[in-house]
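Report on one structure; see the data block that follows.
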2 protein chains.
Amino acid sequence: MEVNNPKYNNQGIHVISTIFTIDKGVTKVLLIKRKNNPYKDYWALVGGALYNDELLIDGMKREIKEKIGIDNIYVEQFGLFDKIDRSLLKRMIAVGYIGIVDKDKLEILKDTLKTSDSDWYPIDMIPTLAYDHNIILNEAIDVLKKRLNETDLLSNLYPNGFTMPEIQKIYESILDVKFDRRNFRKKLLSLDIIEETNKVEKFDGNKPAKIYKFKDNKKKNVL
Amino acid sequence: MEVNNPKYNNQGIHVISTIFTIDKGVTKVLLIKRKNNPYKDYWALVGGALYNDELLIDGMKREIKEKIGIDNIYVEQFGLFDKIDRSLLKRMIAVGYIGIVDKDKLEILKDTLKTSDSDWYPIDMIPTLAYDHNIILNEAIDVLKKRLNETDLLSNLYPNGFTMPEIQKIYESILDVKFDRRNFRKKLLSLDIIEETNKVEKFDGNKPAKIYKFKDNKKKNVL
DNA sequence: CCAAAAGTGTTAGTCGTACACCCATGT
DNA sequence: ACATGGGTGTACGACTAACACTTTTGG
């Protein structure tokens, strides 16, 4: 390889995350507002340029930490974005990541070195984003639905376990369908990805719900 | 983005293909022998560095053309390989591609500008390859099996149509299982990805077999 | 008419889907 | 005791898997 060959000496990698949450039945994605050019004051997905000495996943986690202050959330790769002019300064290839979090358990930074704001946007009310981030987000939404039963995406959401009604509402919100309670329970149990704990969650005036948790060896990755 | 920031000013993209064929029931992959350092005289997968002005898929097809002389075969993305030291001259991220071809219908070059040999290797008899190509190949073999029914991977194999026994042998070779003839036919027809032609293929002394072909709108991509 | 390989239909089991009643709790 | 929401079982239809005989051809 000729290291300085101009045909390929001006390239870089972006790592871009689509971080979702379910807020009262509405699927939302986390956007940040850019402080600097290019795309100053545009909303954007959380991400940035990979460093030379980082694995992709580590660069992604660093960017998430820098831009919204959150440590170590589980995200997984879902696609590549290679339009030649998607970034104007350099030839940048973007690697897309997906994660799902419980927004009420996190403290999202509003203002950082490179961001002036952050907020959760319903996925059907997304403004024009920086770069090709609208394209990345749309693909992420499709992949999110396909991955629910195949990967560990939901593992961030309930670190302390969940009840059947809770997790069913998550599935229903993301997939935009309704499931029969009995069949949903049977199906999820039959997938061999969750297990019962001996705890229950009590509500005011209701029958307590059993708490389940995801098995450790839960799901296989896909990409 | 600070274009010359040393944290990320020395990166590049590899496009690497795993091109499979089925040879008398044995799944084989195409390897080339490298003419130059690094890894001079090692066997390797077909691939190389992406140019700045190319889409990934176009760079992949250019590399396939340069290294084995084949035009325009169908390949699809299947994964990313990001080990920090996978290439020593630069930080290189590899994008893996998969394709399946009929080796008897192609004229594979043995000697090119950068290659001194090429050959088909059974996937359980692979030598030590250049770079991280053994890792890439192993992952490709897994993905190949999962994708058979989901994508257009088989479309290269039979541009002029195929008989049920032919395509069944391909499935059986790749998946390493046996199917019941009746059930295989029913299943493939039920997938709505193939259609009957009015042609038959005659064999010596046997009942002629109907020729089917893949529908144009056949399958959806996955990655 | 024989050998070789292609074509076809039926049955049993499994999985997914639809659906209604009982149970535990707090007030 | 009642209101609220959680837990459970059964019956039907759809899909998957097992299995053997008939058809067409060339020699």
Side-chain angles (χ1 to χ4, degrees), chain A residues 22 24-25 145-150 154 157-158 160-214 219-220, chain B residues 22-25 104 145-150 154 157-158 160-214 219-220:
Chain A
I22 313 299
K24 302 182 196 70
K145 296 178 183 180
K146 291 186 197 134
R147 295 262 180 107
L148 274 189
N149 279 325
E150 293 172 3
L154 293 174
L157 217 39
Y158 294 111
N160 303 316
F162 51 85
T163 66
M164 278 290 170
E166 277 174 345
I167 196 87
Q168 182 174 348
K169 286 192 193 89
I170 299 295
Y171 272 80
E172 289 179 340
S173 297
I174 294 175
L175 300 177
D176 199 24
V177 293
K178 291 284 173 195
F179 293 110
D180 178 88
R181 284 217 315 282
R182 290 157 288 197
N183 294 335
F184 180 82
R185 176 187 300 267
K186 259 183 294 186
K187 183 177 173 183
L188 203 59
L189 286 169
S190 76
L191 289 177
D192 195 40
I193 58 177
I194 66 170
E195 57 192 351
E196 215 172 313
T197 67
N198 51 7
K199 296 182 216 147
V200 293
E201 184 168 323
K202 301 195 179 181
F203 305 94
D204 284 355
N206 300 332
K207 179 170 178 176
K210 290 183 195 170
I211 296 182
Y212 296 84
K213 60 173 189 167
F214 287 112
K219 300 165 177 187
K220 57 190 177 295
Chain B
I22 314 297
D23 184 14
K24 304 183 196 68
D104 298 326
K145 296 178 183 180
K146 290 186 196 136
R147 296 263 180 105
L148 275 189
N149 277 325
E150 294 172 4
L154 292 175
L157 263 186
Y158 294 110
N160 302 316
F162 51 85
T163 66
M164 277 291 170
E166 277 174 344
I167 195 89
Q168 183 174 347
K169 286 192 193 89
I170 299 294
Y171 273 81
E172 290 179 338
S173 297
I174 294 175
L175 299 177
D176 199 24
V177 291
K178 292 284 171 194
F179 294 110
D180 177 89
R181 285 217 313 284
R182 289 156 288 195
N183 293 336
F184 180 83
R185 176 186 301 264
K186 259 182 292 184
K187 182 176 173 184
L188 202 60
L189 287 169
S190 76
L191 289 177
D192 195 39
I193 58 177
I194 66 170
E195 57 192 351
E196 215 172 314
T197 67
N198 52 10
K199 295 180 217 146
V200 294
E201 186 168 322
K202 300 197 180 177
F203 305 93
D204 283 356
N206 301 332
K207 179 169 179 177
K210 291 183 193 170
I211 295 181
Y212 295 83
K213 61 173 189 167
F214 287 113
K219 300 165 178 187
K220 58 190 177 296

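Heavy atoms only: backbone and side chains are in, while hydrogens, waters and symmetry mates are out. Lettering of chains follows the sequences in order, A, B, ..., and the numbering in each one begins at 1.
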Fill in: Under 3.5 Å donor-acceptor pair, B/Arg181 side-chain atoms to C/dA5 base atoms
no
Discussion item. Rounding to an integer number of Å, can you tell me how far A/Asn206 CG sits from D/dC2 C1'?
Written reply: 13 Å
Item to complete: With heavy atoms under 4.0 Å as the rule, sort A/Lys187 into base, sugar-phosphate or nothing.
Response: nothing
Item to complete: Quickly, which of A/Ile193, A/Thr163, A/Leu189, A/Leu188 forms a side-chain contact (heavy atoms from CB on, under 4.5 Å) with A/Tyr212? Name it, please.
Response: A/Leu189
Practice prompt. Kindly indicate whether the side chain of B/Lys186 and the base of C/dT10 share any N or O donor-acceptor pair separated by less than 3.5 Å?
Written response: yes
Worksheet item: In whole Å, what is the span from the CG atom of B/Asn183 to the P atom of C/dT11?
Response: 15 Å
Worksheet item: What is the distance from OH of B/Tyr212 to C1' of C/dA6, rounded to the nearest Å?
Response: 10 Å
Worksheet item: Taking the side chain as C-beta and beyond, is there a heavy-atom pair between B/Ile194 and B/Ile167 under 4.5 Å?
Response: no
Item to complete: Measure from CZ on A/Phe203 to P on C/dT27 and round the result to the nearest Å.
Response: 14 Å
Worksheet entry | Whole angstrom value for the distance that separates P of D/dG7 from CG of A/Asp180 | 14 Å
Discussion item. Could you tell me how far apart A/Ile167 (CD1) and D/dG6 (C1') are, to the nearest whole angstrom?
Written reply: 16 Å
Discussion item. Does the plane of the ring in B/Phe179 sit parallel, tilted or perpendicular to the ring in B/Tyr171? Use 30° and 60° as the thresholds.
Written reply: perpendicular
Worksheet item: So, for B/Phe162 and B/Phe214, is the gap between ring centers shorter than 6.0 Å?
Response: yes
Practice prompt. Using heavy atoms to find the nearest nucleotide of DNA chain C for A/Lys207 and B/Lys169 separately, return the residue whose nucleotide is more 5′.
Written response: B/Lys169
Practice prompt. Provide, to the nearest angstrom, the distance between the CD1 atom belonging to A/Ile211 and the P atom belonging to D/dG6.
Written response: 13 Å
Practice prompt. Return the value, rounded to whole Å, for the distance between atom NZ of B/Lys202 and atom P of D/dG27.
Written response: 12 Å
Worksheet item: Does some side-chain heavy atom of A/Asn160 sit less than 4.5 Å from a side-chain heavy atom of A/Glu201?
Response: no
Item to complete: Assess whether one donor atom and one acceptor atom, taken from the side chain of B/Arg185 and the base of C/dA6, lie less than 3.5 Å apart.
Response: no
Worksheet item: Closer to the 5' end of DNA chain D via nearest nucleotide, is it A/Gly205 or B/Arg182?
Response: A/Gly205
